[in-house]
Amino acid sequence: MTTIKNNISAIETRLRQAASDAGRTVSEILLLAVSKTRTSAQIDEAVAAGINSFGENYLQEAIEKISAFPKAKLDWHFIGPLQSNKTRLAAENFAWIHSVDRLKIAQRLSDQRPPSVAPLNICLQINIDNESTKSGFTSAQALGTALEIARLPGIRLRGLMAIPQSRNSLEDQRAPFRRLRELKDQINELLDNSQKLDTLSMGMSGDMEAAILEGATIVRVGTDIFGARATL
Ligand SMILES: *Cc1c(COP(=O)(O)O)cnc(C)c1O
């Protein structure tokens, strides 16, 4: 087995264990392989090990990689900061955008999503620890704007995403993920049945167990699949 294949199999074991600890089924949790800074050859190895969803956070780098793979074979998720002058490229090339942090970005993605493909799946990024260095809606802003975003025709509002501060103990790691889950429940009270959020994108290499215990449906894992990154 290659290192990447070994790593993926170790993560799958962790996912099964965490799901079982949470009383959940592992099939409701998507392992998103975060392939930023990785080569197409590394992505090929992950594909050979059964991964078909990849997360990228630099738009230009992502688009070069996406065009190197057959269309419709893989799902590409954008998880990085998105400037409003780059929304068209994002709307045309991805299946998911996890990092919508302003109403205006959601409106542009909706307008620019090609009508020939399914609506773009989006998550609102929440600045769950209210850090000045991180982007994202505050919880109050998300509550105030979710209804308007959910009505946009070119996108489908699926859920919430967050990148909490790093914390050491499992209990401490769970707290911000729990707040994100509670915010999703609150937003769902405002939405019609057909619009309910079903996605919590939370948990990375160092805290995915805590995220799964709090209801993560997508975990975004880079380092523990591909090894340490030279640069962020
Ligand atoms: C890089 C990145 C990840 C993956 O982090 P690892 O610690 O390498 O697993 C997850 N989410 C986002 C938004 C990232 O930018």
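Computed over heavy atoms, backbone and side chain alike; hydrogens, waters and symmetry mates excluded. Start at 1 and go down the list; that is how both ligands and their atoms are numbered.
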- Message: Is it the case that atom CG in N168 sees more than 12 heavy atoms from other parts of the structure closer than 6.0 Å?
- Response: no

- By number and element, which atoms of ligand 1 are closer than 4.0 Å to a non-hydrogen atom of I79? 11 (N), 12 (C), 13 (C), 14 (C)

- Message: With no hydrogens and no angle check, just 3.5 Å: does a side-chain donor-acceptor pair link N121 and R158?
- Response: yes

- Query: So, Q83 and K86: side-chain donor and acceptor under 3.5 Å apart, yes or no?
  - Reply: yes

- Task: Say whether D224 and ligand 1 are in contact under the criterion: heavy-atom distance to a ligand atom below 4.0 Å.
- Result: no

- Message: Show me which atoms of ligand 1 lie under 4.0 Å from any heavy atom of R220.
- Response: 4 (C), 9 (O), 10 (C), 11 (N), 12 (C), 13 (C)

- Message: I'd like to check which ligand 1 atoms, numbered from 1 as shown, lie under 4.0 Å from a non-hydrogen atom of T223.
- Response: 6 (P), 7 (O), 8 (O), 9 (O)

- Parallel, tilted or perpendicular: rings of F78 and F94 (30°, 60°): perpendicular

- Message: Quick check on contacts: which atoms of ligand 1 are under 4.0 angstrom from a heavy atom of V221?
- Response: 9 (O)

Quiz: residues 43-55 side-chain donor-acceptor pairs under 3.5 angstrom, not counting sequence neighbours:
{"from": "E45", "atom 1": "OE1", "to": "T2", "atom 2": "OG1", "distance (Å)": "3.0"}

- Message: Under a 4.0 angstrom heavy-atom cut-off, which atoms of ligand 1 come close to N57?
- Response: 15 (O)

- Message: I want to confirm something. Looking only at heavy atoms, which of E56, K36, M208 is nearest to atom 14 (C) of ligand 1?
- Response: K36

- Query: Only one of Q173, R178, R179 forms a side-chain hydrogen bond (donor to acceptor under 3.5 Å, both in side chains) with E214, so which one is it?
  - Reply: R178

- Task: For the residue pair E56 and S35, confirm or rule out a side-chain donor-acceptor distance under 3.5 Å.
- Result: yes

- Task: Check if R229 has a non-hydrogen atom at a distance under 4.0 Å from any atom of ligand 1.
- Result: yes

- Query: Counting heavy atoms only, which of S205, A162, S201 comes nearest to atom 9 (O) of ligand 1?
  - Reply: S205

- Note on the structure: In ligand 1, the atoms that come under 4.0 Å of a heavy atom of I163 are 13 (C)

- Task: Could you tell me whether M161 and ligand 1 have an N or O pair separated by under 3.5 Å?
- Result: no

- Message: Is it the case that the side chains of Q112 and T87 hold a donor-acceptor pair, with the cut-off being a distance below 3.5 Å and no angle test?
- Response: yes

